[in-house]
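Right, one structure below, let's go through it.
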Amino acid sequence: MGVKCGLLFSALVLILLALKLEAGGIVIYWGQNGNEGSLASTCASNNYVIVNIAFLVVFGNGQKPVLNLAGHCDPSAGACTGLSNDIRACQRRGIKVMLSLGGGAGSYYLSSADDARNVANYLWNNYLGGQSNSRPLGDAALDGIDFDIEGGTTKHWDELARALSGFSRQRKVYLSAAPQCPFPDAWLDGALKTGLFDYVWVQFYNNAPCQYSRGNVENLKSYWNKWIANIQAGKIFLGLPASPRAAGSGFIPSRVLVSKVLPAISGSPKYGGVMLWSKFYDKGYSSAIKPKV
């Protein structure tokens, strides 16, 4: 009887979290500051529906892949395999955990379609549902791959998306992307045109033409509508800094976000919620906006 009740409770939690994501949820980036708390505590807050582990900063073009988790642990020394327990703890709560590729600083470059497929195979075997003796985060299988591509090359990201999506025949691989808000995105336009992405969180910050500024919501709303109208994706999220210190520009006070911005964009059937950069800077912002997201 106890086992059955436990299974029913777990199923109910997963259903409720799925409905929560459908209605609008918060996505967070974790991994770039050792003072932001553990991955397990991040998920235990119940503020987030997806956590992006950031970043795989070196890959492609024959380079040995490098995962950078700042002050958390050293993947190159095999010191991050214990994160598997945290990953599974998050997943038991119905929270998806993704690996984010790229970021604002790194050495990543896809030189060909074959290179893209090789990177996809590496990601599948070392982070997703495949097998390898050198899995940097241990044996837990992540839910998918996030494309936060801000340099390197504009080519072959579509091949990478297709190759990763192909593994979904064995185990679902969720794909997400974090383009800049000017449309179309300079780096990810080709990949996004594949229509394979489950989630797209558009970075509406550090981009003056399309971000919120001094009470003006119209530029943001105009570009949001461009993304909604032109991108085939499961859900589109509003990407924001979690504090004024988290970005050079584009921060929206929580009271303004819930009173002016979200009402202007949340009516779309593609609306997924809000993405925040990052866990270190989220000192209560997610808690303040969560009821209205």
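Looking at Leu262 and Val274, their side chains come closer than 4.5 Å, going by heavy atoms from C-beta outward. The side-chain heavy atoms of Leu238 and Leu220, taken from C-beta on, include a pair separated by under 4.5 Å. Side chains of Tyr174 and Leu142 form no contact here, defined as non-hydrogen atoms less than 4.5 Å apart. Side chains of Asn68 and Phe55 form no contact here, defined as non-hydrogen atoms less than 4.5 Å apart. Looking at Leu276 and Tyr281, their side chains never come closer than 4.5 Å, going by heavy atoms from C-beta outward. Two residues are said to be in side-chain contact when any heavy atoms from C-beta on lie closer than 4.5 Å; Asn52 and Trp201 meet this criterion.
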Apply side-chain contact (heavy atoms from CB on, under 4.5 Å) to Phe147 and Leu164, showing your working. CA-CA 12 Å; Phe147 289 50; Leu164 287 169; 4.0 Å; yes
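In this structure, Asp143 contributes its side chain and Met98 its backbone to no donor-acceptor pair below 3.5 Å. Although no hydrogens or angles enter the test, the distance criterion places a donor-acceptor pair under 3.5 Å between the side chain of Tyr212 and the main chain of Gly215. Side chain of Asp146 to main chain of Ser100: no donor-acceptor pair is present (N/O by atom type, distance under 3.5 Å, no hydrogens or angles). At distances below 3.5 Å, at least one donor-acceptor pair connects side-chain atoms of Gln32 with backbone N or O atoms of Ala54. Side-chain atoms of Gln203 come within 3.5 Å of backbone N or O of Ala178 as a donor-acceptor pair.
Rounding to the nearest 0.5 Å places CD1 of Ile95 at 6.0 Å from CG of Asn46. To the nearest 0.5 Å, atoms SG (Cys90) and CG (Leu83) are separated by 9.5 Å.
Tyr29 and Asp148 form no side-chain donor-acceptor contact under 3.5 Å, judged by distance and modelled atom types alone. Gln211 and Ser249 share a donor-acceptor pair across their side chains, judged by distance under 3.5 Å alone. Ser132 and Asn126 are linked by a side-chain donor-acceptor pair at a separation below 3.5 angstrom, with hydrogens and angles left out of the test.
Listed here is the closest heavy atom pair of Ile26 and Ser286: CD1-O, 3.6 Å. Residues Leu99 and Leu123 approach most closely at CD2-CD2, 3.9 Å, considering heavy atoms. In terms of heavy atoms, Thr81 sits closest to Arg135 at CG2-O, 3.7 Å. Taking every heavy atom of both residues into account, Pro136 and Pro75 meet most closely at CB-CB, 4.4 Å.
Few gaps surround NZ on Lys270; more than 12 heavy atoms of other groups in view lie less than 6.0 Å from it. By the neighbour-count criterion of 12 heavy atoms within 6.0 Å, atom CD of Gln63 is densely surrounded, having more than that number from other residues, nucleotides or ligands.
Phe251 has its ring centre less than 6.0 Å from the ring centre of Tyr285.
Each of Asn118, Thr154, Asp115 was scored for a side-chain contact (heavy atoms from CB on, under 4.5 Å) with Leu110, with one residue passing: Asp115.
A salt bridge links Asp198 and Lys172; the closest N-O separation between the charged side-chain nitrogens and carboxylate oxygens is under 4.0 Å. Remark: Lys279 does not engage Asp282 in a salt bridge, criterion side-chain N to carboxylate O under 4.0 Å.
Ring-plane geometry between Trp157 and Tyr108 is classed as perpendicular, the angle between the planes exceeding 60 degrees on a 0 to 90 degree scale with a lower cut at 30.
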